Amino acid sequence: MGLNRTATAERVHIAFFGLRNVGKSSLVNAVTGQELSVVSDIKGTTTDPVKKAMELLPLGPVVIIDTAGLDDEGKLGDLRVKKSLEILDITDIAVLVTEADRELNELEKELLENFSKRKIPYLIALNKSDLTENRKEEENEILVSAKDGTNIYEFKERLAKLFPESKRKYILKDLVNKGESVIMVMPIDESAPKGRIILPQQEVLRELLDIGCMAICTQVGELKECLAEFVSPPSLVITDSQVFKQVSDIVPENIRLTSFSILFARYKGGLAKMLEGAALLKKLKEGDRVLISEGCTHHRQCEDIGTVKIPRWIREYSGVCPEFEFTSGGTFPENLTKYKLVVHCGGCMLNETAMKNRIGRAVNQKVPIVNYGMAIAEMTGILKRAVSVFDTD
């Protein structure tokens, strides 16, 4: 998967914030070298967040996000501001665009406090520097001009320093070594996308190839025969969560076993909290509310995992009938206190920042959270085995 085909969830999300008519959209266009956003002297031209996946050297694959002005007015303006602030949930790097010929106002100062509270690295772009000669740069500031291109290259260099290579994470680089064999069990059933494999499987496969491992892909029906071909056991078996029990019964105990979903729980920073959430499945009571949330939207099928299989398995495992509610895509409730448990998908379509914010929201409101794979492993009695691959963490 080349850089130009990097999944959105794996790209650094850079969001531009500011008041109306400070030149956010003009600066976005200057930075990207494209007419990404409509530019006008009329206040409020940008109404909804505009996103663009692209390559931004020297940073690499990014998602650039242009937002509506934070001083928008009226009922519609309030909704636009709300949408803009929601972008903070997915922001890896924030840019406050302001004007070089004035000091920051209260709205802008509040936004900087929000960045700091959320621990989002940020840069203040003092735009329209061509209109003033007296402004000096202070910490986290850079003088730029979207109009004449002043310091645009330097601005991109400064952005790159806010997300150094050392911050990039890996899915399983610490679990396997070059030359080792890894089996990936990937069922191709009615829920599998036609003509392709799902994103977590793509990303794991690519990382295994980058490490220099020998990756063997198979389905459950061929797994036993596949294992019999090995002279020395494979280093690791990674399976789709939905066939966890069948795979566990086939794979000998001396071979490490985990799932794509559990790998992503660790990758997105939620393994420890989701282990706590898994323990709550057995403690559910009749009528407890359970939120099942997915980070993407897709066509629901008759045996959809989120709306059909997971609820059925939870009822069978807990012996009670909880009340289930469902969300998908960008929708995730601000208030989770009415729920006894949140069961979330693996989050492959959400960047790490977004997933951590969802986990953090649940933790702060004292609502346990677990993802699909860890819930399935718990309900099939193999969670302890599945997470033992991380014993060195």
Side-chain angles (χ1 to χ4, degrees), residues 9-10 168-187 197-220 222-224 226-279 281 343-348 352 355-356 359 368-393:
E10 302 308 310
R168 299 185 186 274
K169 295 177 66 177
Y170 296 92
I171 303 170
L172 75 169
K173 193 173 184 178
D174 59 324
L175 300 178
V176 292
N177 300 306
K178 182 178 180 179
E180 293 180 342
S181 298
V182 177
I183 296 178
M184 300 170 60
V185 184
M186 305 186 306
I197 59 176
I198 61 176
L199 186 58
Q201 296 167 358
Q202 292 179 40
E203 294 187 9
V204 169
L205 177 58
R206 178 55 199 255
E207 190 167 310
L208 288 172
L209 294 175
D210 286 340
I211 294 167
C213 290
M214 291 176 281
I216 298 93
C217 302
T218 187
Q219 298 191 63
V220 181
E222 291 73 44
L223 178 58
K224 188 175 293 186
C226 178
L227 283 166
E229 294 293 324
F230 282 83
V231 175
S232 299
S235 173
L236 179 66
V237 175
I238 309 168
T239 181
D240 183 281
S241 297
Q242 295 188 64
V243 291
F244 227 146
K245 185 62 170 66
Q246 299 99 300
V247 172
S248 180
D249 289 343
I250 295 170
V251 176
E253 287 290 336
N254 65 312
I255 298 176
R256 295 183 300 162
L257 170 66
T258 193
S259 75
F260 295 100
S261 190
I262 291 175
L263 286 173
F264 268 73
R266 186 181 73 141
Y267 181 49
K268 302 288 184 178
L271 184 66
K273 290 301 176 183
M274 289 186 178
L275 275 170
E276 296 174 12
L281 287 161
V343 184
H344 204 287
C345 71
C348 65
E352 181 186 352
M355 197 64 207
K356 279 187 172 179
I359 295 168
I369 184 169
V370 65
N371 78 4
Y372 287 6
M374 298 185 73
I376 295 169
E378 170 69 15
M379 290 186 289
T380 52
I382 53 178
L383 181 57
K384 184 177 180 180
R385 180 184 182 185
V387 299
S388 67
V389 297
F390 309 127
D391 280 349
T392 57
D393 282 8

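By convention here, the first residue in the shown sequence is residue 1. Just so we're clear, the structure is a prediction, and the values are computed from it rather than from any experiment.
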Using a 3.5 Å distance criterion without hydrogens, assess whether the side chain of [X] forms a donor-acceptor pair with backbone atoms of [Y].
| X | Y | answer |
| --- | --- | --- |
| Asn371 | Ser261 | yes |
| Lys169 | Tyr267 | yes |
| Thr258 | Ala386 | yes |
| Glu207 | Ile171 | yes |

Exercise. Are any of the side-chain nitrogens in Glu352 or Arg266 under 4.0 Å away from the carboxylate oxygens of its partner?
Worked result: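 Judged by the 4.0 Å cut-off on N to carboxylate O distance, Glu352 and Arg266 do not form a salt bridge.
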Side-chain heavy-atom pair [X], [Y] within 4.5 angstrom cut-off:
| X | Y | result |
| --- | --- | --- |
| Ile359 | His344 | no |
| Leu172 | Phe390 | no |
| Gln201 | Asp240 | yes |
| Ser181 | Met214 | yes |
| Arg206 | Glu203 | no |
| Ile262 | Val389 | no |

Which atom pairs, donor and acceptor, lie under 3.5 Å between side-chain atoms of residues 373-384 and protein residues at least two apart or in another chain?
unit_1	atom_1	unit_2	atom_2	d
Glu378	OE2	Tyr317	OH	3.1
Thr380	OG1	Ile376	O	2.8
Thr380	OG1	Ala377	O	3.2

What is the distance from atom [atom1] of [X] to atom [atom2] of [Y], rounded to the nearest 0.5 Å?
| X | Y | atom1 | atom2 | value |
| --- | --- | --- | --- | --- |
| Met186 | Gln202 | CE | CD | 9.5 Å |
| Gln219 | Thr239 | CD | OG1 | 11.0 Å |
| Cys213 | Asn177 | SG | CG | 7.5 Å |

Provide the closest heavy-atom pair for [X] versus [Y] in the form atom of the first, atom of the second, distance.
| X | Y | answer |
| --- | --- | --- |
| Met355 | Lys268 | CG-CB, 3.8 Å |
| Ala9 | Cys348 | CB-O, 3.1 Å |
| Gly277 | Val370 | C-CB, 3.9 Å |
| Phe264 | Val204 | CE1-CG2, 4.3 Å |
| Tyr372 | Cys345 | CE1-N, 3.6 Å |
| Met184 | Ala215 | SD-CB, 4.5 Å |

For this session: Given side chain to side chain contact (heavy atoms under 4.5 Å, CB included), test Phe260 with Val185 step by step and report yes or no.
Result: CA-CA 10 Å; Phe260 295 100; Val185 184; over 6 Å; no
For this session: Step by step, work out the side chain to side chain contact (heavy atoms under 4.5 Å, CB included) result for Ile216 and Cys226.
Result: CA-CA 9 Å; Ile216 298 93; Cys226 178; 3.7 Å; yes
Solution key, residues 248-256 side-chain donor-acceptor pairs under 3.5 Å, sequence neighbours excluded:
unit_1	atom_1	unit_2	atom_2	d
Ser248	OG	Arg385	NH1	3.4
Asp249	OD1	Lys245	NZ	3.0
Asp249	OD2	Lys245	NZ	3.1
Arg256	NE	Ser235	O	3.1
Arg256	NH1	Leu175	O	3.3
Arg256	NH2	Leu175	O	2.8
Arg256	NH2	Ser235	O	3.3
Arg256	NH2	Ser235	OG	2.9

Exercise. Where do Ile211 and Tyr170 land on the side chain to side chain contact (heavy atoms under 4.5 Å, CB included) test, with the steps shown first?
Worked result: CA-CA 11 Å; Ile211 294 167; Tyr170 296 92; over 6 Å; no
